[in-house]
Amino acid sequence: MFSLHGLARAPSRLATTLGTFAIAAMALHVSAEVLSRLFFGRSIFGTIEIISYFYMVAGSFLPLGSAQLNGQMVATDVFATIVPKAIRPITDFIGRVVSLLTCALLVWASYVNAVAKTGIGESVSGMGAPIVIWPSRWFLVVGLAALLLAQLTQLFSPAEPASAADEVPE
């Protein structure tokens, strides 16, 4: 059976898997760096740059869609405590729309930035030689797009009563 939620889950899982591999690769890279310094007295070329621009960005942004689908995103309940229960579905929907629009703007801005950085072949200097970093700009685009897709599939689904605000008397 086809569902919008299932449509969002597949790319989110793929992106999360890639983020997981990035974290594992970072751990191996750091271990190799430590061993290289210990046994050879030398650093591995570009370690700091690769960790900063690739592994950390991938590990941080690629899992955003899965985090949204699994209800693991940060939520604020400031207004839920003062809004009557009868109106909460409306305020929840408005909050989802605002989140969706904000995410859409972030996807667009990160896409424009990624295209620009790809066009100029962005790189940073690492120990005297350039390290190409423009591909890492696309991790942000992919992660935010997965988040946007997840938010879009959840727009009309009922809100999860996971907050303490639902237990507040009226």
Side-chain angles (χ1 to χ4, degrees), residues 3-77 95-155 157 160 162-163:
S3 73
L4 283 177
H5 193 71
L7 179 69
R9 188 155 301 283
S12 293
R13 282 184 180 165
L14 176 61
T16 298
T17 301
L18 294 174
T20 302
F21 282 129
I23 297 299
M26 179 172 63
L28 291 173
H29 198 146
V30 168
S31 297
E33 172 73 14
V34 169
L35 292 174
S36 178
R37 287 184 185 193
L38 182 65
F39 293 117
F40 306 115
R42 300 179 60 187
S43 289
I44 298 173
F45 174 75
T47 295
I48 293 173
E49 291 82 3
I50 292 169
I51 288 171
S52 299
Y53 288 99
F54 285 92
Y55 302 141
M56 288 187 169
V57 174
S60 298
F61 288 98
L62 290 178
L64 287 176
S66 289
Q68 178 69 30
L69 289 173
N70 294 325
Q72 297 171 334
M73 296 296 276
V74 174
T76 57
D77 296 335
R96 288 177 184 205
V97 169
V98 169
S99 293
L100 185 73
L101 292 174
T102 302
C103 188
L105 286 172
L106 289 171
V107 170
W108 175 76
S110 64
Y111 173 78
V112 168
N113 186 44
V115 168
K117 299 301 182 180
T118 301
I120 63 170
E122 181 185 30
S123 63
V124 294
S125 179
M127 295 169 58
I131 297 173
V132 174
I133 62 164
W134 64 262
S136 69
R137 302 295 181 177
W138 291 97
F139 295 150
L140 181 61
V141 176
V142 170
L144 288 171
L147 174 60
L148 181 66
L149 184 58
Q151 288 178 332
L152 190 59
T153 63
Q154 293 175 336
L155 185 62
S157 65
E160 299 283 330
S163 69

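- Here the OG-CD1 distance, from Ser123 to Ile133, works out to 7.0 Å after rounding to the nearest 0.5 Å.
- Under the 4.5 Å side-chain criterion, counting only non-hydrogen atoms from C-beta, Ile48 is not in contact with Glu33.
- With rounding to the nearest 0.5 Å, the separation of CG in Leu152 from CG in Leu147 is 11.0 Å.
- We find the CG-CG distance between Leu144 and Leu105 to be 11.0 Å, quoted to the nearest 0.5 Å.
- By the 4.5 Å heavy-atom criterion applied to side chains, Leu18 and Phe139 are not counted as neighbours.
- Across all their heavy atoms, Ile23 and Gly59 have their closest contact at CD1-CA, 3.7 Å.
- The minimum heavy-atom distance between Ser136 and Val57, with the atom names listed, is O-CG1, 3.8 Å.
- For the atom pair OG1 (Thr16) and CG (Leu64), the distance works out to 8.5 Å, reported to the nearest 0.5 Å.
- Contact annotation: the side chain of Arg137 approaches that of Asn113 to within less than 4.5 Å [non-hydrogen atoms, C-beta and beyond].
- The CD atom of Glu122 lies 10.5 Å from the CH2 atom of Trp134; values are rounded to the nearest 0.5 Å.
- At distances below 3.5 Å, not a single donor-acceptor pair connects side-chain atoms of Ser66 with backbone N or O atoms of Pro63.
- Remark: the Arg37 side chain and the Ser43 side chain contain an N/O donor-acceptor pair separated by less than 3.5 Å.
- Shown here for Met26 and Ile51, the closest heavy-atom pair between the two residues is SD-CG2, 3.7 Å.
- Looking only at distances, a side-chain donor or acceptor of Thr118 sits under 3.5 Å from a matching main-chain atom of Ala114.
- Taking the side chain as every heavy atom from C-beta outward, Tyr53 and Pro135 never approach each other to under 4.5 Å.
- The main-chain N or O of Val107 is found under 3.5 Å from a side-chain atom of Ser110 such that the two form a donor-acceptor pair.
- Residues that satisfy the ring pair (Phe, Tyr, Trp, His ring centres under 6.0 Å) test with Trp138, not counting sequence neighbours, are Tyr111.
- By the 4.5 Å heavy-atom criterion applied to side chains, Arg9 and Asn70 are counted as neighbours.
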When you look at Ser99 and Gln151, which way does the side chain to side chain donor-acceptor pair (under 3.5 Å) test go after all the steps? CA-CA 8 Å; Ser99 293; Gln151 288 178 332; 4.7 Å; no

